[in-house]
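Predicted model only: the values in this text are computed from it and were never measured.
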Amino acid sequence: QVQLEESGGGLVQAGGSLRLSCAASGLNLSSYRMGWFRQAPGKEREFVAAISLSGEITYYAGSVKGRFTISRDGAKNTVALQMNSLKPEDTAVYYCAADRTFLVGITQNPYDYDYWGQGTQVTVSS
């Protein structure tokens, strides 16, 4: 069985930080490029960040660039999203996604991803 599970969400005041983690079972994340997406109330799901197979390439949505950092830990078989300087507009359910590939780059296309987590709620108060 293949499963991705996000954790680390919660309530934080504007300007604060949270660290999300995506743990994998049934798949080795070293064979997958990874992405984070989010969906705010009343809005469609949007791309947040992605990381390549090696971890050498990262890419971020303009709204989070400079504030969020995506990383991967091969030993723990996890992917993290460090979120700093949080804003109320960052409030959303955050999802991790895995894309099996041999490509060295990244993708922000949700249709490229094979597996998705259940999501974790992040709420940023003003």
Checking the side chain of [X] only, and the main-chain atoms of [Y] only, is there a donor and an acceptor separated by less than 3.5 Å?
X   : Y    : answer
Q39 : V93  : no
R72 : G55  : no
N77 : L27  : yes
D90 : K87  : yes
S52 : G105 : no

Co-membership, hydrophobic cluster, residues Y60 and I106, 4.5 Å side-chain: no
Path from Y32 to V2 over hydrophobic side-chain contacts below 4.5 Å: yes
Spacing of [atom1] belonging to [X] relative to [atom2] belonging to [Y], to within rounding of 0.5 Å:
X    : Y    : atom1 : atom2 : value
L18  : F68  : CG    : CZ    : 9.0 Å
F47  : Q108 : CZ    : CD    : 5.0 Å
R100 : Y115 : CZ    : OH    : 7.0 Å
K76  : L29  : NZ    : CG    : 13.5 Å
Y59  : K65  : OH    : NZ    : 7.5 Å
M34  : C96  : CE    : SG    : 5.0 Å

Residue pair L81 / A49: nearest heavy atoms and the distance that separates them: CD1-CB, 4.2 Å
C22 versus L4, closest heavy-atom pair with distance: SG-CB, 4.0 Å
Side-chain H-bond candidate by donor/acceptor type, T123 with Q121, under 3.5 Å: yes
Do [X] and [Y] touch side chain to side chain, with heavy atoms closer than 4.5 Å?
X   : Y   : result
M83 : R67 : no
Y95 : V48 : no
I57 : I51 : no
V79 : I70 : yes

Lys/Arg-Asp/Glu bridge criterion (N-O < 4.0 Å) met for R33, D99: yes
Any pair counted as side-chain hydrogen bond (donor to acceptor under 3.5 Å, both in side chains), so long as it reaches residues 11-27, sequence neighbours left out: S17-N84, R19-Q82
Pairs flagged by side-chain hydrogen bond (donor to acceptor under 3.5 Å, both in side chains) wherever residues 40-51 is involved - sequence neighbours left out: R38-E46
Stepwise side chain to side chain contact (heavy atoms under 4.5 Å, CB included) test for W36 and L20: CA-CA 10 Å; W36 285 94; L20 306 183; 3.8 Å; yes
Residues V104, L53; criterion side chain to side chain contact (heavy atoms under 4.5 Å, CB included); working and verdict: CA-CA 6 Å; V104 299; L53 289 172; over 6 Å; no
Plane angle bin for W116 and F37 - parallel if under 30°, tilted between 30 and 60°, otherwise perpendicular: tilted
